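This is a predicted model, so every value here is computed, not measured. What you see below is based on every heavy atom in this structure, not just the backbone, and it leaves out hydrogens, waters and symmetry mates.
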Amino acid sequence: MERCISRRLVSYAWRTSLPRRTTTGTVRFNSTNASQPLPWSEYLTMRKSRHRWQTAATVPGTLLGLCGGAAYFGSLDTDPTKPIMGIDPFMFYGASTALCMLVGFMVAPTAGGAAWRLAKTNHIERFDTRDAEFFKRVAKHRVDASLASMTPPPDYYGEKIGSLHEYRLWLRDQGKYRRKAILPES
């Protein structure tokens, strides 16, 4: 009898430790924490990391736009006597090169964010759900923009929040601004 009970326990333990098959055919173990949300501290660290990647990509992107524009417009044959759209050709090519640099400056953070997402593929789904929740919280707790007078609300989009401590400070700043806007000092 005792042997039968121990076999049942072993059989039960063996069945629960096996991987489960999902409908898509992938194997997921019972200990997988894919459904657990990302902790706030880890989310804010990843958010700061993403911002650093985007900022770091800005410099090479800007230089790439500048060098590409200079290489293209510098290699064109130019007749200084014929204006382009009523502008001196050298001024037009210089402005076009600056425009290429601006395009590089604008596109590079997007490329940096995409590179960050490729590097952090194991947490992206959890990060995206936490990101959506974070922006809902920011939208809920930020100051109403219609209350803004001469001074804009502090960090309206919550871009400077990088830790739980900074989030609490952001909440306090929003509350101070709200009280100051609603109850002006006399």
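- When hydrophobic clusters are built by joining Ile, Leu, Val, Met, Phe, Trp and Tyr residues whose side-chain heavy atoms come closer than 4.5 Å, directly or via intermediates, I161 is grouped together with L171.
- Using a 4.5 Å cut-off between side-chain heavy atoms of Ile, Leu, Val, Met, Phe, Trp and Tyr, with links allowed through other members, L44 and F127 fall into the same hydrophobic cluster.
- Inter-residue side-chain proximity for C100 and Y72 is flagged as unmet; no heavy-atom pair is nearer than 4.5 Å.
- G158 and V138 get closest at one heavy-atom pair: N-CG1, 4.3 Å.
- Interatomic distance, L38 CG to T45 OG1, rounded to the nearest 0.5 Å: 9.0 Å.
- No chain of hydrophobic side-chain contacts below 4.5 Å, direct or via other Ile, Leu, Val, Met, Phe, Trp or Tyr residues, connects W53 to L118.
- Within the 3.5 Å criterion, the main-chain N or O of H141 finds a donor-acceptor partner in the side chain of R178.
- Around atom CZ of F135, more than 12 heavy atoms belonging to other residues, nucleotides or ligands sit under 6.0 Å away.
- Contact annotation: the side chain of Y156 never approaches that of V143 to less than 4.5 Å [non-hydrogen atoms, C-beta and beyond].
- Of all heavy-atom pairs between P154 and W170, the closest is O-NE1, 3.9 Å.
- Note that the CD1 atom of I182 and the OH atom of Y177 stand 11.0 Å from one another [nearest 0.5 Å].
- Few gaps surround CZ on F134; more than 12 heavy atoms of other groups in view lie less than 6.0 Å from it.
- With a 6.0 Å radius and a threshold of 12 heavy atoms from other residues, nucleotides or ligands, Y157 has its OH atom at or below the threshold.
- Both F73 and M85 sit in one connected hydrophobic cluster of ILVMFWY residues. Membership requires side-chain heavy atoms under 4.5 Å apart, directly or through other members.
- For R50 and D131, the salt-bridge test passes: some basic side-chain N is under 4.0 Å from an acidic carboxylate O.
- Counting heavy atoms from C-beta on, the side chains of W116 and Q54 never come closer than 4.5 Å.
- The two residues G112 and A57 have their closest heavy-atom pair at CA-CB, 3.7 Å.
- Atom CE of M101 and atom CG of L64 lie 12.5 Å apart (nearest 0.5 Å).
- L164 and M46 fall within a single hydrophobic cluster, where Ile, Leu, Val, Met, Phe, Trp and Tyr side chains are chained together by heavy-atom contacts under 4.5 Å.
- The CG atom of D173 sits 11.0 Å away from atom CD of E166, with the distance rounded to the nearest 0.5 Å.
- Between E133 and R130, at least one side-chain nitrogen of the basic residue sits less than 4.0 Å from a carboxylate oxygen of the acidic one, meeting the salt-bridge criterion.
- Separating the OG atom in S41 from the OH atom in Y167 is a distance of 14.5 Å, to the nearest 0.5 Å.
- Between I87 and F92 the shortest heavy-atom distance is CG2-N, 4.1 Å.
- Here the closest heavy-atom approach between residue T97 and residue A70 is recorded as CG2-N, 3.6 Å.
- Note that CZ of R137 and CH2 of W40 are 4.5 Å apart. Values are rounded to the nearest 0.5 Å.
- For the pair Q174 and D155, the tightest heavy-atom approach, listed with the atom from each and the gap, is NE2-O, 3.9 Å.
- Here V59 sits in one hydrophobic cluster together with L63; the rule is ILVMFWY side chains under 4.5 Å apart, joined directly or through other members.
- The environment of CD in E42 is crowded: more than 12 heavy-atom neighbours from other residues, nucleotides or ligands sit within 6.0 Å.
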